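All of these numbers come straight from a predicted model, not from anything done at the bench.
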Protein chains: 2
Amino acid sequence: MKIGELARLTGTNVETIRYYERDGLLPIPARSDGNYRIYGDAHVQRLSFIRRCRSLDMTLEEIRVLQHFKESPQENCADVNRLLDLHIGHVAQRMQELQELEMQLKDLRERCGETRDAAHCGILEGLSQAIVPSGKTASHVQGTHWHAANPNSAKGIQGNQV
Amino acid sequence: MKIGELARLTGTNVETIRYYERDGLLPIPARSDGNYRIYGDAHVQRLSFIRRCRSLDMTLEEIRVLQHFKESPQENCADVNRLLDLHIGHVAQRMQELQELEMQLKDLRERCGETRDAAHCGILEGLSQAIVPSGKTASHVQGTHWHAANPNSAKGIQGNQV
DNA sequence: TAGAAACCCTTGAGTAGCTACAGAGTCAAG
DNA sequence: CTTGACTCTGTAGCTACTCAAGGGTTTCTA
Ligand SMILES: [Zn+2]
Ligand SMILES: [Zn+2]
Ligand SMILES: [Zn+2]
Ligand SMILES: [Zn+2]
């Protein structure tokens, strides 16, 4: 099959497939006479695996590690479990951070009950106060926004919609 | 004061200050004879405001809107409240998504109690299954990882540590 | 007054994970 | 033979920064 069908089968953007190939996540496929990429069932499996991992918010690096284990089935899978535990930790930590954020934001929101002129808005006032040195622990989790640049991931992955 | 002191006072990286200037968030400062940027108290205030907003995970766009209101104090602040409500929504939505993720990940984790060879690992098996079409709503929130590229934000902002 | 350290400047590239476009080539149907 | 759908490569863009190269400036000390 050609790239378009692979894209349809897995619910992946065509450009994303080429990106994974460049990035070494997908093996380099055979080419047709006209230089088109030709894929088979193995590619569908592999790409589905990647997309499933991405839908669980794993990084491409994390996915690379998991792929390694799929390719060496005789190895002990302890590291797979470890990777998953770590990743669950990433998610949990980000949730904690967001919970704290939510509290701070709701506090701030309460400072302006009914609207008035911006000069006396309690929110703007609150934001102007000095930064409270919070003893946040180092983490590697990301922010709160998802921008137009990546609508596919934002919408969530809906595979298999043929 | 020069850029280094502004950086110290606000707990901001020097490069970040120059970046804000390029991006139009900080007004272009005066220059000394030797072409050094010269800042005053107003810049400290303005930068503190930005960093406080960033510590609440607002985007630079959101901050730009808030700055607009600080500069036009006669306007009604209803839009400030609206922006904050929207942003609280951003945080809440991401938390929901992460909660769902956590559940799925813990489900997956249970599939491999004791470690065995990768060929029979329940986790790898689970990840190989077809993607479940989940009816996720469109959102703009980001992922779960924070990488070395941005250690400052990751650590949280600790301003005023002179 | 020379020299060194500490600061500052601009420019350009890199980060994750894509997306989007330009400009070209390929292929099947009508 | 043309139209249109598809594909190709290469490049640039998105967020919010961070870092490094290769210079210039200031300040302090010997
Ligand atoms: Zn992770
Ligand atoms: Zn208000
Ligand atoms: Zn927001
Ligand atoms: Zn296992």
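Between dA16(D) and Arg64(B), no contact under 4.0 Å exists linking OP1 or OP2 to a side-chain N or O. Between dC17(D) and Arg54(B), a contact under 4.0 Å exists linking OP1 or OP2 to a side-chain N or O. Between dA16(D) and Tyr20(B), no contact under 4.0 Å exists linking OP1 or OP2 to a side-chain N or O. Distances shown here put a side-chain N or O of Arg51(A) below 4.0 Å from the OP1 or OP2 atom of dC18(C). In this structure, Thr16(B) reaches the dT18(D) phosphate: one of its side-chain N or O atoms is under 4.0 Å from OP1 or OP2.
Taking five base pairs at each end of the helix from dT1(C)-dA30(D) to dG30(C)-dC1(D), the local helix axes there meet at an angle of 30°, rounded to 10°.
Rounded to whole Å, atom P of dC7(C) lies 16 Å from atom CE of Met1(B). Rounded to an integer number of Å, the gap from Arg18(B) CZ to dT11(C) P is 12 Å. Protein atom CZ of Arg94(A) is 18 Å distant from nucleotide atom P of dA16(C), rounded to whole Å. A straight line from CD1 of Ile38(B) to C1' of dC7(C) spans 12 Å, rounded to a whole angstrom. Across the protein-nucleic acid pair, Ile3(B) atom CD1 and dT25(D) atom P stand 17 Å apart, rounded to whole Å. For Glu5(B) and dT27(D), the CD to P distance is 13 Å, given to the nearest whole Å. Taking atom NE2 of His90(A) as the reference point, atom C1' of dA16(C) lies 15 Å away to the nearest angstrom. Distance Leu25(A) CG to dG17(C) P: 9 Å, rounded to the nearest Å.
The two residues Leu98(A) and Arg94(B) make their nearest non-hydrogen contact at CD1-CG, 3.5 Å. Closest of all the heavy-atom pairs between Arg111(A) and Gly126(A) is NH1-CA, 3.8 Å.
Listed by chain and residue number, nothing satisfies the side-chain hydrogen bond (donor to acceptor under 3.5 Å, both in side chains) test with Arg22(B) (two or more places apart in sequence, or in another chain). Residues passing the side-chain hydrogen bond (donor to acceptor under 3.5 Å, both in side chains) test with Gln74(B), sequence neighbours excluded: none. Judged as a side-chain hydrogen bond (donor to acceptor under 3.5 Å, both in side chains), and not counting sequence neighbours, the contacts of Glu75(A) are His68(A), Ser72(A). The side chain to side chain contact (heavy atoms under 4.5 Å, CB included) check on Gln99(B) picks up Met95(A), with sequence neighbours excluded.
Heavy atoms of Arg37(B) sit under 4.0 angstrom from primed sugar atoms or phosphate atoms, though from no base atom.
Distances were taken from every side-chain heavy atom of Asn13(B) (C-beta onward) to each of dC9(C), dC17(D), dT18(D); the shortest belongs to dT18(D). Distance from the side chain of Tyr19(A) is smallest to dC18(C) among dC9(C), dC8(D), dC18(C).
The pair Asp85(A)-Arg82(A) does not count as a salt bridge, with every side-chain nitrogen at least 4.0 angstrom from each carboxylate oxygen.
Counting heavy atoms from C-beta outward, Gln67(B) and Ile50(B) have side chains that approach closer than 4.5 Å.
In this structure, a donor-acceptor pair under 3.5 Å is absent between the side chains of Ser32(A) and Lys2(A).
Side-chain N or O atoms of Arg54(A) include one that pairs as donor or acceptor with a backbone N or O of Met58(A) at under 3.5 Å.
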**OP:** Encode nucleotides 22-30 of chain C as B, S and - characters from 5' to 3', where the letter depends on protein heavy atoms closer than 4.0 Å: B to the base, S only to sugar-phosphate, - to neither.
**Re:** ---BBS---
